[in-house]
> 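Submitted below is the structure of interest, expressed as structure tokens.
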Amino acid sequence: MSKFNYFTYKEKRLDNFTTDYQQDLVFDLINAFSLANNPFDSALLLQDILTEVEVKNLAKRLRIAKLLIKGETHEEIVTELHCSYATITKVRIWLDNAGEGLKKVIAKLPERRKISSPKRIPGVGYGLPQILDYY
């Protein structure tokens with residue numbers, strides 16, 4: 001078996017699609033999120049379209065933004081979330097340059113009530129709907 005050569009592998013990337021097609025993809029994604037009218041539906045949608053690692057990474061970025069808005073330092077965030085300074089800086093740049101959406105959502109986030117750990121349901125996903133305490 002020969003070694004895989006990453007330098008010659010040509011994967012079809014989104015950049016190879018026309019601008020119009022890329023906009024159609026984003027249009028569908030935006031509207032899919034807008035159709036999730038409650039936290040339970042949002043959790044189901046996230047669970048269905050993202051991997052567990054992607055959900056965790058997005059959740060961490062959201063928390064970084066929340067802590068930055070709250071005024072915490074980079075050092076405090078690194079200690080709390082075990083993330084890199086580069087990630088914090090990237091989120092800071094997003095907030096500074098075009099963070100209206102993040103700021104608006106973070107301002108509306110409810111406080112989560114502490115509940116017992118959600119149980120994973122085999123074959124159903126990794127428990128996103130179960131972490132909600134709304135139902």
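Only this structure's heavy atoms are used, side chains among them; waters, hydrogens and symmetry mates stay out.
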> To the nearest 0.5 Å, how far apart are NZ in Lys104 and CD in Glu100?
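The NZ atom of Lys104 sits 9.5 Å away from the CD atom of Glu100.
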
> Before you tell me yes or no, could you show the steps for Asp24 and Phe17 under side-chain contact (heavy atoms from CB on, under 4.5 Å), namely the whole-Å CA-CA distance, both residues' side-chain angles and the distance that decides it to 0.1 Å?
CA-CA 11 Å; Asp24 283 347; Phe17 296 133; over 6 Å; no

> Pick from Ile69, Leu67, Leu68: which one makes a side-chain contact (heavy atoms from CB on, under 4.5 Å) with Ile106?
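With Ile106 as partner, Ile69, Leu67, Leu68 yield a single side-chain contact (heavy atoms from CB on, under 4.5 Å), made by Ile69.
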
> Spell out, as yes or no, whether a donor-acceptor pair under 3.5 Å connects the side chain of Lys60 to the backbone of Leu81.
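Looks like yes, one N/O pair under 3.5 Å.
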
> From Thr79 OG1 over to His74 NE2, what is the distance, rounded to the nearest 0.5 angstrom?
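It is 12.5 Å, given to the nearest 0.5 Å.
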
> Answer yes when Lys56 and Glu52 have at least one side-chain N-carboxylate O distance shorter than 4.0 Å, and no when they do not.
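Judged by the 4.0 Å cut-off on N to carboxylate O distance, Lys56 and Glu52 do form a salt bridge.
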
> Going by atom type alone, with no hydrogens or angles, which donor-acceptor pairs under 3.5 Å involve a side-chain atom of residues 26-40 and a protein atom two or more places apart or on another chain?
unit_1, atom_1, unit_2, atom_2, d
Asn31, ND2, Phe27, O, 2.8
Ser34, OG, Asn31, O, 2.9
Asn38, OD1, Phe40, N, 3.1
Asn38, OD1, Asp41, N, 2.7
Asn38, ND2, Asp41, OD2, 3.2

> Establish whether Val91 and Ile93 are linked, either directly or via other cluster members, by ILVMFWY side-chain heavy-atom contacts under 4.5 Å.
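No, no single cluster joins them.
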
> Looking at every non-hydrogen atom in both residues, tell me the closest pair between Ala65 and Leu102 and how far apart they are.
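Minimum heavy-atom separation between Ala65 and Leu102: CB-CD1, 4.0 Å.
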
> What's the separation between atom CD in Gln22 and atom CG in Asp20, rounded to the nearest 0.5 Å?
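One finds 10.0 Å between CD of Gln22 and CG of Asp20.
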
> How long is the span from the OG1 atom in Thr51 to the CD atom in Glu54, to the nearest 0.5 Å?
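That separation rounds to 3.5 Å.
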
> Any heavy-atom pair between the side chains of Asn57 and Val53 that's under 4.5 Å?
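Yes. Closest side-chain heavy atoms under 4.5 Å.
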
> Ile77 and Cys83: which non-hydrogen atoms are nearest, and at how many Å?
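Between these two residues, the closest heavy atoms are CG2-SG, 4.1 Å.
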
> Would a single hydrophobic cluster contain both Leu62 and Val55, if residues Ile, Leu, Val, Met, Phe, Trp and Tyr are joined by side-chain heavy-atom contacts under 4.5 Å?
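Hydrophobic grouping puts Val55 apart from Leu62.
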
> Mind checking the NZ-CD spacing from Lys66 to Glu72? Nearest 0.5 Å is all I need.
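The NZ atom of Lys66 sits 10.5 Å away from the CD atom of Glu72.
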
> At what distance, to the nearest 0.5 angstrom, does OG1 of Thr89 lie from OH of Tyr85?
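Taking OG1 in Thr89 and OH in Tyr85, the distance rounds to 9.5 Å.
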
> Flag yes if Trp94 and Leu58 sit in one hydrophobic cluster, no otherwise; membership is Ile, Leu, Val, Met, Phe, Trp, Tyr, and two members link when side-chain heavy atoms are under 4.5 Å apart.
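Looking at the clustering, Leu58 is in a separate group from Trp94.
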
